[in-house]
Amino acid sequence: SPFPGNINVFAVDLQAYDEVLTRTSGLVPEFVNPKYKDPPKSTDESKGKQPDGKLGLGFKKPTRLECMMQDLPRLFPKEIAAHHIGFTSLDRWLVCSSVKNNPTDAVKKMIKTGHPECMASGEADFYRVNR
């Protein structure tokens, strides 16, 4: 993704935000984003059966209900949204260093994106930005 992470910070006009909260009762669109285990590799497992005989890959971690921060501007009235919504983008190392992956997944993430997002990289980024 060209926008690999963010710190989820908003600067919002309070009166407009209050109008949105009143109109929506504070509800925003939500979705479920399951994280599945890696696909099976053996012939028996590739037929969809797990070692316990059940079908499916199973979840890597508990699934949770999520919402996207990008959906908030869509809730503002069109007359506000058309002229007063934007974003600021800064280099990732300066503003965001997620610490969310275990060491095994961090290696895969590093190979894929260049950002392992694990405990060690988070600490290293903290010291880098505060030098």
Side-chain angles (χ1 to χ4, degrees):
S1 167
F3 309 107
N6 59 66
I7 56 173
N8 298 326
V9 175
F10 290 103
V12 181
D13 177 87
L14 289 179
Q15 183 176 355
Y17 186 56
D18 182 56
E19 291 173 19
V20 169
L21 290 177
T22 300
R23 183 172 42 79
T24 64
S25 299
L27 300 175
V28 295
E30 298 172 319
F31 63 96
V32 175
N33 187 12
K35 307 288 189 222
Y36 295 102
K37 293 180 181 174
D38 288 337
K41 293 176 179 44
S42 75
T43 307
D44 291 336
E45 288 178 324
S46 66
K47 294 177 184 170
K49 294 203 176 206
Q50 297 299 305
D52 61 6
K54 295 181 181 177
L55 293 176
L57 298 176
F59 296 112
K60 182 176 183 178
K61 52 179 98 169
T63 300
R64 63 183 188 255
L65 194 59
E66 298 182 22
C67 61
M68 305 236 342
M69 62 178 274
Q70 297 91 325
D71 287 340
L72 179 64
R74 295 179 183 157
L75 300 174
F76 281 84
K78 288 182 183 177
E79 61 274 7
I80 293 173
H83 302 288
H84 301 287
I85 294 179
F87 71 94
T88 300
S89 179
L90 301 169
D91 288 338
R92 181 187 180 115
W93 70 268
L94 183 61
V95 295
C96 179
S97 184
S98 300
V99 176
K100 63 182 187 176
N101 293 319
N102 63 49
T104 303
D105 291 342
V107 171
K108 294 175 188 173
K109 186 82 170 180
M110 180 66 187
I111 292 167
K112 185 176 180 181
T113 69
H115 300 283
E117 298 182 329
C118 65
M119 185 176 65
S121 65
E123 185 173 10
D125 289 347
F126 172 81
Y127 287 115
R128 177 182 178 204
V129 80
N130 287 294
R131 292 187 89 179

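The figures here come from the full heavy-atom set of this structure, side chains too, leaving out hydrogens, waters and symmetry mates.
In this structure, the salt bridge (charged side-chain N to carboxylate O under 4.0 Å, His left out) partners of R74, at least two apart in sequence or on a different chain, are D71. Remark: M119 pairs with V99 by the side-chain contact (heavy atoms from CB on, under 4.5 Å) rule, at least two apart or across chains. Applying the salt bridge (charged side-chain N to carboxylate O under 4.0 Å, His left out) rule to D105 yields the partners K60; only residues at least two apart in sequence or on another chain are considered.
Here the side chains of Y127 and R131 are not in contact, with every heavy-atom distance at 4.5 Å or above. The side-chain heavy atoms of D18 and L14, taken from C-beta on, include no pair separated by under 4.5 Å.
The other residues sharing a hydrophobic cluster with F31 are M68, where clustering joins ILVMFWY side chains under 4.5 Å apart. Residue V32 shares its hydrophobic cluster (ILVMFWY side chains chained together at separations under 4.5 Å) with L65. Grouped with L27 in a hydrophobic cluster is no other residue, since no side-chain heavy-atom contact under 4.5 Å to another Ile, Leu, Val, Met, Phe, Trp or Tyr is found.
The shortest heavy-atom contact between N101 and P116 is ND2-O, 3.0 Å. F76 and L72 get closest at one heavy-atom pair: CD1-O, 3.4 Å.
Atom CG of residue D13 and atom CD of residue E19 lie 8.0 Å apart, to the nearest 0.5 angstrom. To the nearest 0.5 Å, atom NZ of residue K109 and atom SG of residue C118 are 11.5 Å apart.
For CD of E66, the number of neighbouring non-hydrogen atoms (other residues, nucleotides, ligands) closer than 6.0 Å is greater than 12.
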